[in-house]
K.L.:
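Input: one structure, supplied below.
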Amino acid sequence: MTKLTYFPGCSAHGTSEEFDSTLKLVMKSFDVQMEEIPDWNCCGATSAHVMTENLAMALPMRNLVLAERLKNKTMGIACASCYSRMKTTKAEIDANPELAQKINSTIVEEGEYHGDVDVKSMLQFFYEDIGLETIQSKVTYPLKGLKVACYYGCLLTRPAAITRFDSPEYPMSMDRIMAALGATPTEFDFKTECCGASFSISDTEIVLSLSGNILEMAQESGAHAIVVACPLCQSNLDMRQPDIDKLAGKKYNTPVLYLTQLMALAFGSPVKDLKPSKHIISIEPALAHIGEEIEIPQKKAKPKKAVAAESEVN
Amino acid sequence: MARVGVFVCFCGANIGDFVDIPAVVEETKKIKDVKYAIEYKYVCSDPGQQMIRDTIVDHRLTSIVVAACSPRMHEKTFRKALSDAGMNPYLLEVANIREHASWVHQKDKEAATEKSCDLIRMAVAKSIANEQLHEISVPVTKRALVIGGGIAGIQAALDIADARIPVTLVEKSPSIGGRMAQLDETFPTLDCSQCILTPRMVDVASHPYIELLPYSEVTELDGYVGNYKAKIKKKASFVNFDTCTGCGTCWQKCPVKVPNEFNMGVDKRKAIYSPFPQAVPNKPVIDAEHCTMLIKGKCGVCAKVCEKGSIDYEMKDEMIEREIGAVVVATGFDLWDPKPYEEYGVGRFKDVITSLEFERMVSANGPTGGVPVRPSDGNVPKNVVFIKCVGSRDEAKGIEYCSKVCCMYTAKHAILLHHKVHDSHAYVFYMDIRAAGKGYEEFVKRAQVETGATYLRGRVSKIYKKGDKLMVIGEDAQIGQVVEVEADMVVLATAIYPYKDNPDLARLLGISYDKYGFLSEAHPKLRPVETAKAGIFLAGCTQAPKDIPDSVAQASATAAKVCALFSGDTMKKDPMIASVNPEFCSGCENCVSVCPYQAIVTEEIPMGHGSEEVRTVSKINEGVCQGCGSCVAICRSMAIDLAGFTDMQIINEIVAI
Amino acid sequence: METELKDKIVSIEKPAIEAPPEWKPMIMGILCNWCSYAGSDLTGTSRIQYPPDIRIIRVPCSSRVDPWFIIKSLQAHADGVLISGCHPGDCHYISGNYYARRRFLVTKKLLNFVGLHEDRVQFSWVSAAEGAKFAQVVAKVSEDIRKMGPLHLYKKENTR
């Protein structure tokens, strides 16, 4: 049995409860034991990281120090913001031991920082540590017929120099996991576009238009649902959808699912374990597509090319 | 017994006002070995030089010291004066009492005077150890090797050959012409590239002084300036060029299709092919990688249809050797791979293409007959977005330098698009417009005003697909807003980048290259066509990004350099070079490893004392040695010395004060 | 600054000799022809003033400088030696200054080992365009040597 240090972050115990619960189901199927960091604290993704540098690093560093006590190789983080704070802080203090010492001196009670725990997002953990083959082998209920647009958001693969995972502009890891589950990932160009989360409170208009763009493109790609790996992405795209609909003057009706919800489903959990009631946009209509035959786009007749006769070219 | 003459110059007031020259002369006269010392207002003047000449003869002087300005200023002048008086010019030493004393210690005459005396003492001491040196003559093989048959190589070859110097032109692909042959029309005049290039290509093929070796590569270069020996591999073409008429039946019948590199992969060519209709020589070659006859031994169609029986599947690579005196490297450029720009959908969106692909499409002899078409559906695009600086000037994803030609060819593409598709519209995203050149700014204006291309100053942040359109999101910095353009096609002005085998070529030739792989010139301003290795010159984009006029100008400059090098039967060379005393040489070969010019070789000499055994010693090639002295300082046996800067001369200087 | 420098001096040179009032330091400057010598010429052409303590020897390249020249200078009369060459990457002879740099690191270690203050021998990069920099370099070396005082160790009598 593998052990994984788990940092849930504030949303996993609140708005994204369904992420947390399905994550635990999925990990169980992989025989991974999740150990939640005792007495974990805020990651600092609130206003801390723009207000004071020291606090912005002290908060994640405390979590990192606590995580080291659990003696596991890897810490998996559910939320993309938490992941970004944790990973950025780790990169900075690992590169600058003096800074590390300075910050460490503000959290002496927790102990000393050694820097020997790997920080990964859950997506990264699935993709790198579990692997597509294992994922595929656990599938008992293939999601054939379900077309999904994978939305990574801005932080899971960026900044590339710090995350060192997948492509910063057009990542494919989640798409491949979806394919392994039997679902069909659509060609979705807005995978990493901004959803406007940082303006969630201060300027919701912007959030509505940016998130609206993402929904529009997802629909355009033919997806039945959007898949995400971050609670903030989920809440912005799901919770605000009625408002976005109003602004756009049309109904998107595109449910936003967590990667782990679909994994759990594919691994045999009943739909009720996905906690459908937690969603603003109902997930059932999308899930109803499972089992449908996906029509393979007909190969278009060879385009007429304004090609000069070959003999003339050569 | 040394008899040194010292001439102290006032340089008008330049030295005279800040150094007590009469006192210096008095002090100088006290130096042992100084037989004559005199001050003069301007030693460099004609009467001053006459005085030196007369004194040498009258006083039977054995070496001369002139205390005046920097030797970098007038050393040559005074050497000539010595020569004219029948004295070996290298018996001169200059004491720099102007730049190193009078001008830098203007507030302390006493110190400046004292320092001047010391500098003269040092020069006198050095001059006593000076030896008679004679200019070195190196024989010259009057044949030039030009590597690369693009416009730069063609121009260099023609200019050199027109001076009746034989040229061997080596081109790696089946035809000369290079990148310029791929272009449609050229900025800023829009004259057709093929029309101006092909006559030159024909000139090359028919020139009595040019030996054209297509489908060949240089594999080795030995020797030194004036005396190189090149090994050239003639790749097997599997076609006998002597009998082939270039009729084209073979490539019409060949069943194998391969992406056509001349058309940037926009269409296909055959496994037996001639790259383009105006190719020189217009003979096909068989691509051994793809020919089924050569891979599996099945097919043989080309041999069956060839009436002349020119196909020879048994042909092997052939190695030939040429003795040459100088090399012009003109290997051109490659395109930078825009793959890192994932946000532009490079590789995912078929209608995001590179500028050279666009160039091939709008080219009259191109794969689409001169009309741009969308690779995805073959439709003619209406709205085309051009993005400049893809790779260039982008430290994060690309390279730091400016590719120099993209501003101009993008303006050209905007105009050509308008010419080929009248109801089209061009949008150009740019960072800056760099249009320095004759008629260049006017040309960009033409694109903007006449053609009505929309120039948007800003970077593109993303391209996404909406239906069959490409949506281009970018910034228009001039109105400070994000703009979105609906495009049918996007053309990326990808950077000019050196060929990835440039470093290998540089190592083979013994010249240096920069961090990107561009070959390095000897001096960025004053020696832009020479390399640090004598007799090897650079032309065109192999050195740095350039447009056609610049490449042609540089190519002609290399020709002038080659002609100057070959102007006599021998070359004159500065005698201040290193030499090995084999008596002392222990054969450790440390000098061989530090020599930046590979001027040191080893040879075996008899042990001596009647023994039949041999030992290895170093030997310096005087044609190659540039006289840096690295080998002298590294030699632990003190077997090497540098003429003009011998250990004895320098030690004399050190202990003279 | 003064105490710092003295502290760096290894035991044999300590204490620094009290210099007689009329003492002036003598610095042997060995400059490469293409960059530093040209730079020193530019100092003159620009009329930039510097202490008159340096005597300059021209060599083709800093790689021509044999450690022997440095040691001989210090034995003979010099209180310090300045070697100057082209900036890294700018060597007229492609790579000579890199060899020079490595060689002088070792030479400095040797000199330190035999008891000389390591700042008696200094190395700098001065390009042909850096007239002002050359003056600064000479001023700095001169100031350092003045603080160290006359070099009396290993001086050979009657070397001249």
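Lettering of chains follows the sequences in order, A, B, ..., and the numbering in each one begins at 1.
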K.L.:
Which answer fits C/A38, side chain, backbone, both or neither, if we ask what part of it has an atom under 4.5 Å from a heavy atom of chain B?
P.N.:
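Contact with chain B: backbone and side chain both.
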
K.L.:
Looking at B/R121 and B/D118, does any basic side-chain N land under 4.0 Å from a carboxylate oxygen?
P.N.:
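Salt bridge: yes.
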
K.L.:
If we ignore angles and hydrogens, is there a donor and acceptor under 3.5 Å between the side chains of C/D41 and B/S70?
P.N.:
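Distance-only check passes for C/D41 and B/S70.
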
K.L.:
Please look at B/S512 and chain C and tell me whether the side chain, the backbone, both or neither of the residue comes under 4.5 angstrom of a heavy atom of that chain.
P.N.:
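Contact with chain C: none, neither part.
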
K.L.:
Pick one of side chain, backbone, both or neither for C/I56, based on which atoms fall under 4.5 Å of a heavy atom in chain B.
P.N.:
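The answer is both parts of C/I56.
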
K.L.:
What option among B/M122, B/Q649, B/H100 has the most heavy-atom pairs under 4.5 Å with chain C?
P.N.:
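When all of B/M122, B/Q649, B/H100 are compared, B/H100 has the most.
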
K.L.:
Passes side chain to side chain contact (heavy atoms under 4.5 Å, CB included), B/R527 versus B/E521? Steps please.
P.N.:
CA-CA 7 Å; B/R527 295 174 70 198; B/E521 67 282 1; over 6 Å; no

K.L.:
At a 4.5 Å cut-off on heavy atoms, which part of C/N33 comes close to chain B: side chain, backbone, both, or neither?
P.N.:
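Both the backbone and the side chain of C/N33 come within 4.5 Å of chain B.
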
K.L.:
So with a 6.0 Å cut-off around CE of B/M648, is the heavy-atom count from everything else above 12?
P.N.:
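Counting neighbours around CE of B/M648, 12 or fewer heavy atoms of other residues, nucleotides or ligands fall under 6.0 Å, so no.
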
K.L.:
Go through B/L119, B/I651, B/L642 and name the one with the most non-hydrogen pairs under 4.5 angstrom from chain C.
P.N.:
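Looking at each option in turn, the highest pair count goes to B/I651.
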
K.L.:
Is C/I54 in contact with chain B via its backbone, its side chain, both, or neither, using a 4.5 Å heavy-atom distance?
P.N.:
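Contact with chain B is through both the backbone and side chain of C/I54.
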
K.L.:
Counting only heavy atoms not in B/E131 (residues, nucleotides, ligands), do more than 12 fall under 6.0 Å from its CD?
P.N.:
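Open: at most 12 neighbouring heavy atoms sit under 6.0 Å from CD of B/E131.
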
K.L.:
Going through the checks in order, is the side chain to side chain contact (heavy atoms under 4.5 Å, CB included) test met by B/V104 and B/E99?
P.N.:
CA-CA 7 Å; B/V104 288; B/E99 280 83 348; over 6 Å; no

K.L.:
Treating B/R79 as the side-chain partner and B/Y90 as the backbone partner, does any N or O pair qualify as donor plus acceptor under 3.5 Å?
P.N.:
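No; judged by distance alone, with no hydrogens or angles, the pair does not exist.
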
K.L.:
Out of B/I620, B/V632, B/I600, which one pairs with B/C591 under the side-chain contact (heavy atoms from CB on, under 4.5 Å) rule?
P.N.:
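Exactly one candidate clears the test, B/I600.
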
K.L.:
Between B/C635, B/A633, B/C628, who has the most heavy-atom pairs with chain C when the cutoff is under 4.5 Å?
P.N.:
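Looking at each of B/C635, B/A633, B/C628 in turn, B/C628 comes out on top.
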
K.L.:
Which distance, rounded to the nearest 0.5 Å, do you find between the OG of B/S116 and the CD1 of B/I97?
P.N.:
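That separation rounds to 4.5 Å.
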
K.L.:
Below 4.5 Å from any heavy atom of chain C, which atoms of B/D647 appear? Answer side chain, backbone, both or neither.
P.N.:
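Contact with chain C: backbone and side chain both.
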
K.L.:
Counting a contact as any heavy-atom pair under 4.5 Å apart, which residues of residues 96-108 of chain C contact chain B?
P.N.:
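Contacts with chain B: C/G96, C/Y99, C/R103.
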
K.L.:
Using heavy-atom distances under 4.5 Å, tell me whether B/S593 contacts chain C through its side chain, its backbone, both, or neither.
P.N.:
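Just the backbone, heavy atoms under 4.5 Å.
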
K.L.:
Under 3.5 Å, side chain of B/T646 to main-chain N/O of B/D641, donor-acceptor pair present?
P.N.:
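No; judged by distance alone, with no hydrogens or angles, the pair does not exist.
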
K.L.:
Where do B/K533 and B/Q598 land on the side chain to side chain contact (heavy atoms under 4.5 Å, CB included) test, with the steps shown first?
P.N.:
CA-CA 10 Å; B/K533 188 163 174 178; B/Q598 292 99 47; 4.1 Å; yes

